[in-house]
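Single-structure report; data block below.
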Protein chains: 2
Amino acid sequence: MKFSDFKKHQSDYVEDICRNIFREYSQSIKIKKEELAVRNLVNIYNAALKLSSEKGFAAMSLRDLCRETGLSMGALYSYFSTKEDLLNIIQEQGQKFIAGIMIEYINAVDTVVEKLRIAIRIHLYLSEIMPQWYIFFFMEARHMVKAEQKKAIASELATEQIFIDILEMGRQQKLFAVDNIILTASVIKPMLQDWYLKRWKYTRRQISVDEYADFLIQFIEKALRR
Amino acid sequence: MKFSDFKKHQSDYVEDICRNIFREYSQSIKIKKEELAVRNLVNIYNAALKLSSEKGFAAMSLRDLCRETGLSMGALYSYFSTKEDLLNIIQEQGQKFIAGIMIEYINAVDTVVEKLRIAIRIHLYLSEIMPQWYIFFFMEARHMVKAEQKKAIASELATEQIFIDILEMGRQQKLFAVDNIILTASVIKPMLQDWYLKRWKYTRRQISVDEYADFLIQFIEKALRR
DNA sequence: GTCTATAGTGCGATAGAC
DNA sequence: GTCTATCGCACTATAGAC
């Protein structure tokens, strides 16, 4: 699979996420007409992610958000109840969406080698489609309150667990030589994260997400070789 | 070399950095007695790094800093001129200090294999000694003004260049098989950064910095094998 | 050299008109 | 459902007493 194949099978993910937000948080959203609400939620969450991936969530003021969305302060507060709510909703709904897609693709292939390759690709491709979300999870998790931080940690460990399981299967089938599965899974994640955390570097060097994915797969497979 | 060997050869690095700050920024520091000034600078910079690695620099108020240092608002402003100054000084002086140590250790060994190993170790060991500084560079660079951001980018690329040079030498001496030197150097950095960015994970799993260093060296060397 | 007091600004949040 | 106006508070920064 290449990035272009992946991309054309994805519908408008922001709308999917926002429709879910509308349904799950109906108590704190005052607007009742679904189509209008979802349209505005898309506007608000896109703006919030754009601004906070530029300057950080703490430094983004609700007045910045008014300017970016074209909505007034009063209108904004019809779509969430506090600024901190916004932080938590992005974290929870975003992670949930991403986890769903990852699992779906990994379950669709059979062999261990294919699972490892597709896990690497989908993680990179998703972060290419929705980079602000990934940057948000990474940068803002440490500023959340304890309860939300625990959820962020759980998400991080869940992604890692996907790789631990794959490596374990590979070892059992004598496909990989892995001394330390946990440490190996631990270092795969940061290599995937580098793609969105230092995107400027890869843009500057004109490296595409497919080139990066191909490189990572061969680099990791070589390190796993028996 | 092990971490304990490295640690005992390091003097009080914060004091070294702060003494340098006192000398280079004498115009914006109103206090003239060096010993007093350095003592207070150590207090201030330690506190600022602690607070901003906890909640982020933007979210750290100068009132927080007063509480943490035990100094008053007025006193603080005798040691720097604006809050943003503090950000820039940490970035510049910290990066300068770290770059100096890295170069020193790499130049002290002769062979390419030793240089690769020592570069990995010293990066990890330094980030173990002064994690708040590394976290600060990583998390706050994107919130700096353009001019300071360029310096942060230059530092990132300089570290990477160290690895590019080592890999290039290794290839010329036919010690390493590297298809793509730039991408290989690119992915080494994030594996080093994971040590301080996800320190909680390694603490929880009781993995020491030496274990992590040993693992990384063997993982990378395996991926470079001919 | 350090303190307290305060000026001036911009923040998150809400009430009430339309 | 969206707007404007405004409240109360916390912020950075400074002036002047000690």
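We name chains A, B, ... by the order of the sequence lines, and we start the count at 1 in each one. None of these values were measured; they are calculated from a predicted model.
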So, is B/Y77 near the phosphate of D/dT14, with a side-chain N or O under 4.0 Å from OP1 or OP2?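 For D/dT14, neither OP1 nor OP2 has a side-chain N or O of B/Y77 closer than 4.0 Å.
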Hey, does the side chain of B/Y79 come within less than 4.0 Å of C/dT2's phosphate (OP1/OP2), counting only N and O?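 Checking B/Y79 against C/dT2: at least one side-chain N or O falls below 4.0 Å of OP1 or OP2.
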Aromatic plane relationship, B/Y105 with B/F6 - under 30° parallel, 30 to 60° tilted, over 60° perpendicular: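 The rings of B/F6 and B/Y105 sit tilted, inter-plane angle from 30° to 60°.
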Aromatic ring pairing A/F136/A/F57, orientation class (parallel under 30°, perpendicular over 60°, tilted between):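 Answer is perpendicular, since the angle exceeds 60°.
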Is any NZ, NE, NH1 or NH2 atom of the basic residue among [X] and [Y] found under 4.0 Å from an Asp or Glu carboxylate oxygen of the other?
| X | Y | result |
| --- | --- | --- |
| B/R19 | B/E34 | yes |
| B/E24 | B/K96 | yes |
| A/E92 | A/K150 | no |

Taking the side chain of A/S72 as its heavy atoms from C-beta onward, which of C/dT2, D/dT4, D/dG1 lies nearest to it?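 Nearest to the side chain of A/S72 among the choices is D/dT4.
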Produce the list of close N/O pairs, under 3.5 Å, pairing protein atoms with atoms of nucleotides 5-11 of chain C; give distances to one decimal.
unit_1 : atom_1 : unit_2 : atom_2 : d
C/dC11 : OP1    : A/S61  : OG     : 3.3

When the distance from CG of A/D85 to P of C/dG12 is rounded to whole Å, what number comes out?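 Taking CG of A/D85 and P of C/dG12, I get 14 Å after rounding.
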Please state how far atom CZ in B/F57 lies from atom P in D/dC11, giving the value in whole angstrom units.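 Interatomic distance, CZ of B/F57 to P of D/dC11: 14 Å.
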Please say whether more than 12 non-hydrogen atoms of neighbouring residues, nucleotides or ligands are located less than 6.0 Å from NZ in B/K33.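 No, NZ of B/K33 has 12 or fewer neighbouring heavy atoms, counting only those of other groups under 6.0 Å.
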Take atom NZ in A/K7; do more than 12 heavy atoms of anything else shown fall under 6.0 Å from it?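 Counting neighbours around NZ of A/K7, 12 or fewer heavy atoms of other residues, nucleotides or ligands fall under 6.0 Å, so no.
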Which residues in residues 34-55 of chain B have a heavy atom closer than 4.0 Å to any atom of DNA chain D?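 When residues 34-55 of chain B is checked for heavy atoms under 4.0 Å from DNA chain D, there are no hits whatsoever.
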Under the side-chain hydrogen bond (donor to acceptor under 3.5 Å, both in side chains) test against B/E128, which residue among B/Y212, B/Y196, B/W195, B/Y134 passes?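 One option only clears the test, and that one is B/W195.
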